[in-house]
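Report on the following structure.
In listed order, ligands and their atoms are each counted from 1. In this chain, numbering begins with 1 at the start of the sequence shown.
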Amino acid sequence: MLRQVADGVLVHESAFVQSNAVVVQGRAGVLLIDPGVTGSEIDCLADDLRELGQPVVAGFSTHPDWDHLLWHARLGVAPRYGTARCAAAIGEELSDPGAKARIAEHLLETEVAGQVPLDLLGLITGLPAETRQIPWDGPPVRIIEHKAHAPGHAALLIEDHGVLVAGDMLSDVLVPMLDLAAAEPIEDYLAALRLLEGVLDDVEVVVPGHGSVGRADQVSARIELDRAYVLALRDGQGAGDPRIGSSARPGWEWVSDVHFGQAQHLGL
Ligand SMILES: [Zn+2]
């Protein structure tokens with residue numbers, strides 16, 4: 001079911017890790033950001049869009065993780081974009097013929113095993129570096145590229161409607177997940193938070209890749225919480241975050257394992 005979060009901006013939430021697909025209404029159809037997870041959910045989204053009489057005219061993936069790179073034939077053949085770095089990262093991964101089988105195998109450990117359409121995964125066109133807006137016929141969508149969480153990660157600012165699509169940052173349920181393959185994962189994350197902080201005045205609603213939609217007053221609080229987590233991780237602490245340990249939301253206790261895995265990986 002599509003839910004309106006701002007004028008012309010709707011969200012379709014997945015049961016899998018509370019993933020949010022974002023729909024932006026344009027002149028001749030919609031921009032679809034991170035389409036969703038299971039085949040039946042994407043089907044539901046396609047039904048909703050048909051009911052609205054809105055074809056998908058463009059797609060965008062915020063970063064090169066499988067759960068943000070999916071697509072389905074029912075969504076049509078609109079161009080799908082990501083940043084150049086995002087497209088290069090998934091292109092390299094998919095150049096290994098065993099890549100999709102590995103993703104499918106990883107999914108076997110999740111509740112969506114066998115339900116995720118992988119055929120059209122990752123078929124995105126990289127937008128040249130320094131592209132400031134998504135090329136489409138609709139309200140301007142600013143690309144804020146950074147290196148937190150994954151290479152070529154983009155947050156998107158739908159300027160006219162005050163909506164920040166954060167990708168895998170600013171979640172109320174997931175702690176910051178660092179790009180542990182990067183040379184400076186902590187610094188990269190802090191730099192990305194500063195970038196998002198820089199557009200705060202233009203943001204009334206934040207839609208995280210996973211978790212609850214946040215209103216204006218919650219956006220700066222989420223930036224602060226993410227920064228406090230990353231700084232604590234850097235300083236060898238971090239167990240006080242409300243998203244981990246006994247204060248985690250029911251069902252999200254596994255986020256503690258993500259935290260301890262990161263701390264261990266960073267040698268803290
Ligand atoms: Zn994700």
**Asked** For the Zn ion (ligand 1), does an N/O/S atom of His63 lie at less than 2.8 Å?
**Response** no

**Prompt:** For Glu92, does the CD atom sit with more than 12 other heavy atoms under 6.0 Å from it, leaving out its own atoms?
**Reply:** no

**Asked** Between Glu224 and Arg227, does at least one N-O distance fall below 4.0 Å, as a salt bridge requires?
**Response** yes

**Message:** So that I can tick it off, tell me whether Glu187 and Lys147 are bridged by a salt bridge, with the cut-off set at under 4.0 angstrom between side-chain N and carboxylate O.
**Reply:** no

**Asp168 N/O/S atom closer than 2.8 Å to the Zn ion (ligand 1)** = yes

**Asked** For Asp67, what is the atom name of its N, O or S atom nearest to the Zn ion (ligand 1)?
**Response** OD2

**Prompt:** Is it true that Arg243 and Asp172 have a side-chain N and a carboxylate O under 4.0 angstrom from each other?
**Reply:** no

**Item:** Cationic N near anionic O, under 4.0 Å, Glu145 to Arg85
**Value:** yes

**Message:** Regarding Asp34, does it place an N, O or S atom less than 2.8 Å from the Zn ion (ligand 1)?
**Reply:** no

**Request:** Report the name of the N/O/S atom of His68 located nearest to the Zn ion (ligand 1).
**Result:** NE2

